[in-house]
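A, B, ... follow the sequence lines: proteins, then strands. Residue 1 opens every chain.
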Amino acid sequence: MIRAELSKLASLPATWTTLAWTLAANVLLTFVIAVGDTPVAYSRAGFIVFGVLATCSEYTGGQIRTTLTVMPRRVRQLAAKHAALAVVTLPAALAVALSGPSITLAVLGTPVDFWQVAEVTAYLTLLTLVSAAVGVLLRHTLAGVGLLLGCLFVAAPFLHEYLPDDMVTLVVSTPVLLIVAAVFHRRRDA
Amino acid sequence: MCSSRPVASLGGVITIDGLVKRRGGKEILAGVGFEARPGRVTGFLGPNGAGKSSTLRILLGLDRAHSGTALVDGVPYGRLADPVRTVGAVLDGSGAHRSRTGRAHLRWVARSAGLPPSRIDEVLALVGLTDAAGRRVGRYSLGMGRRLALATALLGDPSVLILDEPLNGLDPEGIRFVRTFLRERARSGRTVLLSSHLMGELAETVDDVVVIDHGRIVARGTLAEVTGTHRNLEDAFFALTSGSGR
């Protein structure tokens, strides 16, 4: 099932365009801002779009009906989809996380903080999974992307003092949202 | 021609019993029940909105019924050990994402069931899509999308084929192909269940007939039994569903 879901992701042109644009934008912003980790704040948008697309693309052309008739065990199917998504996202997140620091290393000679790279990679991967779960719940790409961008760029700065660290929030909310998405995915009419 | 007997049963009995489905306070299925057997083409007929698609979606595990059962070989769809090799489903549209190629769509379905890649070329050839396999589904005509859906359903060479309005959007050549093909499937001992609102198109294809109207089964039996004293299936259909205000 994971192979099927990987095959789906890989054969969707939007996968490659989204990830390529995100990386390109991140590199460009690094030059503009010239501070190692700041562009990642904006590159998060690319990973949100990617995550939401991964699940909402099922609802184009009635593909969800094909998916659920060939893989009727829905919780397993969704778990396979999230696993496949993580497999594709990790290297992309790593590339984005590395791109900023390696440019500042080359231009300014600032050493690369590998712990920070690892943290950014994990952060972007979890963010993608959360986005995918939101996509499952909303079944609508624009609504999902809009909601998540709103949370991240509008609500989060306001709530910042009440919330724990971004990373902690994500580590807690990812499994919760994945489970909620699986419960809804299992129970709802396709 | 409509009395062909199963050569060898591969299993694939569909048993639907007492299905009730409500949507928005309205009862769209009010105790639907019938059987479809191997070696026969069963036509599931009724006017638009009668509950044909809802019944098939429940049978395929896509929607949930409020009560009743829909079983394939005695188990609900979701518990089939090997769904792709047991049931092939053709619902409306292509069932494929428009930005994928036809071949890429078949590839992920084949992978989901561990089918060999050679099956992809076989089903493409079978439905006549070999030349269009590398094109994106969004560029397909309506008929090509339908043929891709049929190819997808046939990947696992299943013992049961379930088709919702399979003749919609097909040109006369396509209709002829589908009819001949479905008869052939039944002759080899497989189960074919298809829904339609086109009576005239079906009389030559089906062995058994189930008629649904307003979420209730109003007639079921062999083609001869349901046609009864009427001139043809179409007349019988209108007589049976005359209460539907058409």
Side-chain angles (χ1 to χ4, degrees), chain A residues 1-20 49-50 52-81 83-85 87-88 135 139-141 182-190, chain B residues 21 23 53-54 56-65 72 75-115 136-138 140 145 148-149 152-153 155-156 158 162 164:
Chain A
M1 274 194 272
I2 293 181
R3 287 191 67 211
E5 293 295 342
L6 269 175
S7 175
K8 265 192 221 174
L9 271 179
S11 63
L12 203 63
T15 297
W16 306 110
T17 43
T18 312
L19 293 178
V49 172
F50 178 50
V52 174
L53 271 179
T55 44
C56 286
S57 62
E58 288 285 357
Y59 293 90
T60 300
Q63 185 188 277
I64 187 70
R65 296 189 304 253
T66 310
T67 296
L68 294 180
T69 45
V70 304
M71 296 181 269
R73 286 159 180 86
R74 295 189 185 188
V75 173
R76 276 193 236 174
Q77 178 267 321
L78 194 63
K81 178 177 284 296
L85 184 60
V87 168
V88 175
R139 298 177 173 184
H140 193 283
T141 310
V183 168
F184 273 82
H185 188 59
R186 201 174 97 87
R187 298 187 58 177
R188 277 196 303 202
D189 284 354
Chain B
K21 174 84 179 170
R23 199 172 283 147
S53 297
S54 300
L56 297 185
R57 288 176 62 93
I58 292 168
L59 175 59
L60 293 166
L62 294 173
D63 290 357
R64 289 175 158 234
V72 179
V75 292
Y77 191 91
R79 264 188 256 142
L80 285 174
D82 194 351
V84 176
R85 289 181 186 80
T86 312
V87 177
V90 180
L91 300 177
D92 63 320
S94 64
H97 193 287
R98 58 179 139 70
S99 66
R100 244 187 275 284
T101 65
R103 181 181 294 281
H105 175 71
L106 292 169
R107 195 181 296 130
W108 77 254
V109 175
R111 280 188 179 157
S112 78
L115 295 167
R136 294 206 179 156
V137 173
Y140 283 13
L148 178 62
T152 312
L155 266 175
I162 297 170
D164 195 8

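Residues Ser94(B) and Gly61(A) approach most closely at OG-O, 4.2 Å, considering heavy atoms. Across all their heavy atoms, Ala190(A) and Asp63(B) have their closest contact at N-OD1, 3.5 Å. Residues His105(B) and Ala96(B) come closest through the heavy atom pair ND1-CB, 3.4 Å.
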*asked:* Quick one, Arg136(B) with Arg98(B), criterion side-chain contact (heavy atoms from CB on, under 4.5 Å). Give me CA distance, side-chain angles, the key distance, then yes/no.
replied: CA-CA 6 Å; Arg136(B) 294 206 179 156; Arg98(B) 58 179 139 70; over 6 Å; no
*Are Leu60(B) and Leu91(B) close enough, and set up right, to give a side-chain contact (heavy atoms from CB on, under 4.5 Å), and what steps lead you there?*
CA-CA 10 Å; Leu60(B) 293 166; Leu91(B) 300 177; 3.9 Å; yes
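Residue pairs satisfying the side chain to side chain donor-acceptor pair (under 3.5 Å) criterion with at least one member in residues 10-19 of chain A, sequence neighbours excluded, are listed as follows: Ser11(A)-Arg100(B).
Residue contact with chain A, scored on non-hydrogen atoms closer than 4.5 Å, involves the side chain of Arg23(B) exclusively. For Leu80(B), the part lying under 4.5 angstrom from a heavy atom of chain A is the backbone only. Proximity to chain A (any heavy atom under 4.5 Å) is restricted, for Thr152(B), to the side chain, taken from C-beta onward.
In terms of the ring-ring contact (aromatic ring centres under 6.0 Å, His included) criterion, His97(B) has no residue partners (sequence neighbours excluded).
Inspection of non-hydrogen atoms places Leu68(A), Thr69(A), Val70(A), Met71(A), Pro72(A), Arg73(A), Arg74(A) of residues 68-75 of chain A under 4.5 Å from chain B. Identified by a heavy-atom distance below 4.5 Å to chain A, the contributing residues of residues 81-88 of chain B are Ala81(B), Pro83(B), Val84(B), in residue-number order.
Counting only heavy atoms from C-beta outward, the side chains of Thr60(A) and Thr141(A) never approach each other to under 4.5 Å. Within the 4.5 Å cutoff, the side chain of Thr67(A) has heavy atoms near those of the Trp108(B) side chain.
The greatest number of non-hydrogen atom pairs below 4.5 Å with chain B, out of Gln77(A), Arg187(A), Arg188(A), is found for Arg187(A).
A salt bridge is defined here as a Lys NZ or Arg NE, NH1 or NH2 lying under 4.0 Å from an Asp or Glu carboxylate O, and Glu58(A) with Arg139(A) fails to meet this definition. Ion pairing between a basic and an acidic side chain is recognised when a charged N comes within 4.0 Å of a carboxylate O; Asp92(B) and Arg65(A) show such pairing.
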